[in-house]
Structures are given as structure tokens and as C-alpha cells.
There are 2 protein chains.
Amino acid sequence: MQRRKRLWRVMDRFLSNSVNRIDAKGRVSVPAHFRSVVQKRGYTELYALRCLDVPAMDVGGLDLLDRYEERIAQEDPFLQTADDMSFFCHGDGTFLKLDQGGRITVPDFIREHTGIGAEVAFVGRGQFFQIWEPGRLAAYGAEARARLLKLRQGTKPGERPE
Amino acid sequence: MQRRKRLWRVMDRFLSNSVNRIDAKGRVSVPAHFRSVVQKRGYTELYALRCLDVPAMDVGGLDLLDRYEERIAQEDPFLQTADDMSFFCHGDGTFLKLDQGGRITVPDFIREHTGIGAEVAFVGRGQFFQIWEPGRLAAYGAEARARLLKLRQGTKPGERPE
DNA sequence: TAGTTGCCCATGGTATCCCATATCGAGATT
DNA sequence: AATCTCGATATGGGATACCATGGGCAACTA
């Protein structure tokens with residue numbers, strides 16, 4: 001493993017996806033591969049943020065939060081936009097502590113937003129990953145594919161549908 | 001602007017949200033995580049200020065006052081607005097003492113301004129936190145997210161406004 | 001004196017630690 | 001190719017520490 005140096009950049013990202021079960025106490029194992037990425041990146045804690053337009057959470061290290069805060073710093077701090085952004089990334093975000101077994105506990109407001117019940121789908125997104133309710137993820141994936149298909153069949157190159 | 005050295009460690013910020021109940025004596029527990037942030041930041045007292053445009057209170061250390069004064073300073077000191085703001089904030093600002101159990105007592109004027117009755121919603125805002133009547137918070141949150149979503153609509157597909 | 005405020009402890013519920021067991025997967029062996 | 005072996009991973013459950021919450025008591029106050 002150590003000798004394939006060139007692959008480290010690649011291995012350093014959140015890739016692929018899997019579904020894990022939530023136990024009676026509300027805990028779910030973060031996939032081992034994701035945990036190793038977390039460790040390589042030196043994160044001690046995970047930051048989870050409610051997605052704006054889909055029933056999912058973005059999860060990543062603290063640099064995810066840093067990126068948002070830097071973005072907020074660019075706004076006039078006393079205008080509505082800055083306040084909305086802070087409200088969103090601080091109020092709708094939360095830390096997720098990994099326990100010694102590599103599990104996180106899914107709090108209620110995450111369940112409400114995502115519809116997560118008995119199972120959690122983990123989806124790698126490169127710099128971060130997402131958690132979904134498996135059924136909704138499948139539905140969303142189907143929609144996305146349908147949009148792409150429609151785009152390819154129904155429109156001329158360069159044109160946007162609808 | 002030059003990037004100032006981090007005054008607080010990364011995890012020492014108010015994040016996430018939760019709802020606690022007010023008991024018969026008017027006391028409510030400040031979420032344990034917020035209390036630990038308060039301690040890490042070395043706040044000896046909590047200061048609460050009326051929010052200018054929403055039915056909530058901003059709560060934090062004394063540096064919270066700096067933030068308000070910065071805002072007031074932006075107004076022309078000869079206009080009525082600055083004086084109104086000062087009156088509104090300083091006049092109705094108050095210290096909230098944490099008792100040994102980590103609870104605060106919610107005074108009447110906070111109830112009047114926020115509509116808080118039986119429950120209090122605590123919302124992390126990074127450098128400080130807010131308290132809301134849970135229902136009003138939900139409504140305001142929906143509005144804020146809608147505004148942000150509209151902002152994002154202006155960006156190209158696939159782009160994220162981070 | 002009645003009401004308020006702060007301190008203390010009791011209780012139930014939840015999160016976390018730790019260990020046991022089941023499940024999975026990669027590589028070796030046949 | 002099919003099976004076996006073993007380490008890593010996912011999952012379940014008991015024990016425990018922490019936390020939100022309610023109520024008693026004493027000191028203070030209007």
C-alpha cells in the first residue's frame with residue numbers, strides 16, 4: 001500500500017457509496033474508507049451541514065466550515081445575506097463526534113431533514129461526503145439521470161432545457 | 001483584509017441548535033455544548049441583546065457589544081437611527097447568570113420580545129448564539145433558506161456558492 | 001409574608017465507552 | 001475457479017457517565 005505513492009492524492013478523497021444500518025441507539029458506522037480519509041486529513045471532528053435544496057447532509061472536516069465562514073466574511077456583516085449565511089451554516093450545521101467504534105449518532109433534526117430512519121446511505125463527493133435516506137437517494141439519482149438524458153436527447157448542443 | 005490569527009480554537013464556536021423546556025420557575029438549561037464553549041472562551045458572564053429585526057435575543061460574551069457598536073458606528077451619529085439603535089440594544093441588554101446547574105432564568109421582557117413561552121430554541125451563530133421561540137425560529141429559518149436558494153439560482157448549474 | 005433568586009440533590013433519559021459477536025473481503029491454497 | 005483462512009469491519013448490548021429537568025430549602029427583597 002505504501003509504495004503506490006501516486007495514488008495517495010486519489011485515496012485522499014471521499015469516493016463511492018454504501019448503506020449502513022442504524023442500531024437501536026441511533027448509531028451508525030461511518031464506512032471505514034471514509035474514516036481513513038478523515039484521519040489522513042487530520043480531522044478530529046466531523047462537521048455536518050443541511051443541504052439547501054435536497055434532503056441530505058453534507059459532511060466533512062472543519063475546512064468545510066472554514067470555507068463557508070470565509071465566504072461569509074466577504075459579505076457586509078450587517079446585511080441580510082451575511083446573516084442568512086451564518087444562520088444556515090452555524091444554525092443548521094452540527095458537529096458529529098465519531099465514537100471509538102467509528103460510529104456517529106444521528107440527531108433528530110438530521111432525521112427530519114433527510115427522512116433517515118433505519119438506514120443511512122453514505123455518498124462520497126470528493127472533498128466531503130453526503131448522507132441520505134437510501135430511498136430518496138435512489139429517487140434523486142433517477143431524477144438526475146432523467147434530466148441528463150432529456151438534456152442529451154431533447155436539446156441542441158449548448159442549449160439548456162426548459 | 002489580512003487573515004488574523006485565530007483567536008479561538010476551531011471547535012470553540014456556537015454551532016447547531018436544540019430546544020429545551022422552561023420549568024415552573026422560569027429556568028431553562030443552556031445546552032451543555034454551548035456551556036463548554038462559553039467556558040473555553042473564558043466568558044465569565046453571558047450578555048443578551050435584543051436583535052434589531054427579528055424576535056430573538058443575541059447571547060454571548062462582552063465582545064458581543066463590540067459587534068453592535070460596530071454596527072451603530074456605521075450609522076451617522078447625527079441621525080436618529082444611531083440613537084435608536086443604541087437605545088434599543090443597550091437599553092434592553094441584560095446579563096444572564098448561569099446557575100450551578102447551567103441554567104438561565106428568562107426574564108419577562110425577553111419573553112415579550114421573542115414570544116417565548118414553554119420552550120426555548122438555542123441556535124448557534126459561531127461567535128454567539130441566539131434564543132428563539134421554536135415556532136418562530138422554524139418560520140424564519142425557512143425564509144432564510146429560501147433567500148439563499150434564490151441566491152444560488154443565479155449561479156451556473158453544478159456550481160456551489162461556497 | 002409572599003414572591004423571587006440561587007444552591008443543592010434526585011431522577012429519568014440519553015450518549016459514550018468497551019467488549020462480544022456476526023459479517024465481509026482479500027489473498028492464499030487446492 | 002472454488003474454497004479456505006484470517007484480519008478488518010459492521011453491529012449488538014451491558015455498564016457507566018453526563019445532562020436536562022423537577023422539586024426542596026435557605027437567603028434575600030419588596
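Here is the naming used below: chain letters follow the sequence lines, and residue numbers restart at 1 for every chain.
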Interatomic distance, A:Asp99 CG vs D:dA10 C1' [rounded to whole Å]: 12 Å

Residue pair A:Arg35 / A:Pro31, side-chain heavy-atom distance below 4.5 Å: no

Residue pair A:Glu69 / A:His90, side-chain donor-acceptor N/O under 3.5 Å: yes

Minimum-distance nucleotide to B:Ser29 side chain [options: D:dA10, D:dG24, D:dT21]: D:dT21

Contact under 4.0 Å: A:Lys97 side-chain N or O vs C:dT16 OP1/OP2: yes

B:Arg145 and A:Asp92 ion-paired at < 4.0 Å: yes

Sugar-phosphate, base or nothing in reach of A:Val19, heavy atoms under 4.0 Å: nothing

Atom pairs under 3.5 Å, N or O on each side, protein against nucleotides 28-30 of chain D: can you list them with distances?
none

The single option from A:Val59, A:Leu65, A:Thr94 passing side-chain contact (heavy atoms from CB on, under 4.5 Å) against A:Tyr47: A:Leu65

Within 6.0 angstrom of B:Glu119 CD, more than 12 heavy atoms from elsewhere: yes

Aromatic plane relationship, B:Phe34 with B:Phe129 - under 30° parallel, 30 to 60° tilted, over 60° perpendicular: tilted

Stretch residues 101-118 of chain A: residues that reach within less than 4.0 Å of DNA chain C through a heavy atom: A:Arg103, A:Thr105

